[in-house]
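Notes for the one structure printed next.
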Protein chains: 2
Amino acid sequence: MKKIVTLSMREQIYEALKGLILDNSYGPKTVLAIDRLADEFGVSATPVREALVRLESDGLVELIPNRGAQVTDIREEDVRYIWEMRLLLEPYAARMSLDLVDQLELAPLEADIHRLASMPNDTGLYVSTDIRLHEMLYLHVHNELLKDSIRRIHQMARRIRFFAEHSTNLHEKVINEVIEEHLDIIGAVRSGNPDLVEPALRHHLANGEKRTLSALRLER
Amino acid sequence: MKKIVTLSMREQIYEALKGLILDNSYGPKTVLAIDRLADEFGVSATPVREALVRLESDGLVELIPNRGAQVTDIREEDVRYIWEMRLLLEPYAARMSLDLVDQLELAPLEADIHRLASMPNDTGLYVSTDIRLHEMLYLHVHNELLKDSIRRIHQMARRIRFFAEHSTNLHEKVINEVIEEHLDIIGAVRSGNPDLVEPALRHHLANGEKRTLSALRLER
DNA sequence: CTATGCTATATAATATAGGATATATGATTT
DNA sequence: AAATCATATATCCTATATTATATAGCATAG
């Protein structure tokens, strides 16, 4: 029987708030009043404040002493910084862990991507394949610090992505671009040659930055 | 007149505890009992807990629900992971910000390093020159995410360094090695050529990892 | 007689409620 | 119009209550 893990209030509220911020239910600059949140969650102020302290460390919330908390803003330069980090970390991680990628993961992922090609309006499928592909390329690295760094950056990217997706309505043209790049990466992974994976991933990330920036500019 | 910034209790305690952990006053596995700390700082439990939550995000403290907090342990593999991150991030940061390094910083730093050569037992001078040199190479990068990542890693490295220093008693031979590597880096920085800086820094970091690992093994 | 499992107690973390404190806002005075 | 003061609101901290975990003692089975 699986052990029942009782999460503390702090952690439950942390996870809940993080989810709400990452999917933009709480968008940039949203004021997070402690008392109101405490009421909503049916708890007192303290565990809410502790959750906010953790979210500040994650870079998702800004805490001003005696003034309160708000969801961090997204500026255009943040997009550039996030993708600069992705370009630095992810190709390296992929290279270091390529041997550990389970070749059996590839076929079902590839199948889903082909399925997406025939139903390009399925945003959920689009997002889930993207997440699975990128996780495959770093989740097997041994270095926990590297993994944590990539996770942190992916969190920030995810906020922006949802934000940007909304604006572009994901033109079919864009989806097909991404599909092609994903299939390229899978092909390279199948070969087992890091000198093929790295450029394919770099190309995909560089294009992703461009797509995100133009989507964000349209939005404003 | 400069505005007086009143730090919250949470932040004061966070900074104080971080300092104590980083200089190994609170060594690995030290139990951090909330009530005792609250007494010592003359405050109640809440701000202490909030400080511990932040320290957990920094990777300096481990929080087990309903069980308490302890200073994270240092394992040999952590040393390898930390230096792997340093080798990935710092040469890149140096390359990206080399143009922004103030050439006027170089002469006084170089002078202090030469001064160290004549008094190799001055541990304080050794540590401060090392910090200044490495900060010079990343502090001017624009990308705040990259800077934060390096700061995080440096924090962890600092804990281990103090730990390791204690054990080796810093043989003069080791000090002279480091001095030579530092002077190489400064020379490369002065040339303004990233293709000279990067290998000099990589060489220094790789040796630093070896020195740290052997010091740590002696300790145990 | 030893080992295992259960129960009662002690200890420490966690959450609540309330009060102290800092900041922002709007009115009043110069 | 600028500055000062009073008031309101929300954060932050303290004190207390609650809850979860660890420890020691006792009972029971092998």
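Atom set for the values below is all heavy atoms of this structure, side chains included, hydrogens, waters and symmetry mates excluded. Throughout, protein chains are lettered first and strands after them, A, B, ... in sequence-line order, and every chain is numbered starting at 1.
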_Salt-bridge present (A:Glu144, A:Lys147; N to O < 4.0 Å)_ = yes
_Contact list please: residues 34-51 of chain B against DNA chain D, heavy atoms, distance less than 4.0 Å, in numerical order._
B:Val43, B:Ser44, B:Thr46, B:Pro47
_Measuring to OP1 and OP2 of C:dA24, would you say a side-chain N or O of A:Arg67 lies under 4.0 angstrom away?_
yes
Going by atom type alone, with no hydrogens or angles, which donor-acceptor pairs under 3.5 Å involve a side-chain atom of residues 19-34 of chain B and a protein atom two or more places apart or on another chain?
| from | atom 1 | to | atom 2 | distance (Å) |
| --- | --- | --- | --- | --- |
| B:Asp23 | OD1 | B:Ser25 | N | 3.0 |
| B:Asp23 | OD1 | B:Ser25 | OG | 2.8 |
| B:Asn24 | ND2 | B:Arg159 | O | 2.9 |
| B:Thr30 | OG1 | B:Gly27 | N | 3.1 |
| B:Thr30 | OG1 | B:Gly27 | O | 2.6 |

_Under the side chain to side chain donor-acceptor pair (under 3.5 Å) test, residues paired with A:Glu110 that sit two or more places apart_ = A:Arg190
*Give the rounded distance in Å between these two atoms: CD1 of A:Ile64 and P of D:dC12.*
10 Å
*Counting any heavy atom closer than 4.0 Å, what does B:Ala69 reach on the DNA or RNA strands: base, sugar-phosphate only, or nothing?*
nothing
*Hey, does B:Arg49 have a side-chain heavy atom less than 4.5 Å from the side chain of A:Arg10?*
yes
*asked:* Could you tell me if B:His204 and B:His182 have a donor-acceptor pair between their side chains, going purely by distance under 3.5 Å?
replied: yes
*Any donor-acceptor pair under 3.5 Å linking the side chain of A:Asp122 with the backbone of A:Met119?*
no
*Given the rule that a pair is Watson-Crick or G-U wobble with both distances under 3.5 Å, how would you write DNA chain C in dot-bracket, using | for pairs to a different strand?*
||||||||||||||||||||||||||||||
*Could you list the residues that satisfy ring-ring contact (aromatic ring centres under 6.0 Å, His included) with B:Tyr92, not counting sequence neighbours?*
none
*Salt bridge or not for B:Glu177 and B:Arg211, using N-O below 4.0 Å?*
yes
*For DNA chain D, what residues of residues 8-21 of chain B have any heavy atom nearer than 4.0 Å?*
B:Ser8, B:Met9, B:Arg10
*Measure from CG on A:Asn66 to C1' on C:dA22 and round the result to the nearest Å.*
5 Å
*Salt bridge between A:Glu50 and A:Arg54, side-chain N to carboxylate O under 4.0 Å?*
no
*Stepwise ring-ring contact (aromatic ring centres under 6.0 Å, His included) check, A:His142 with B:Tyr81*: CA-CA 9 Å; A:His142 292 306; B:Tyr81 294 159; 7.8 Å; no
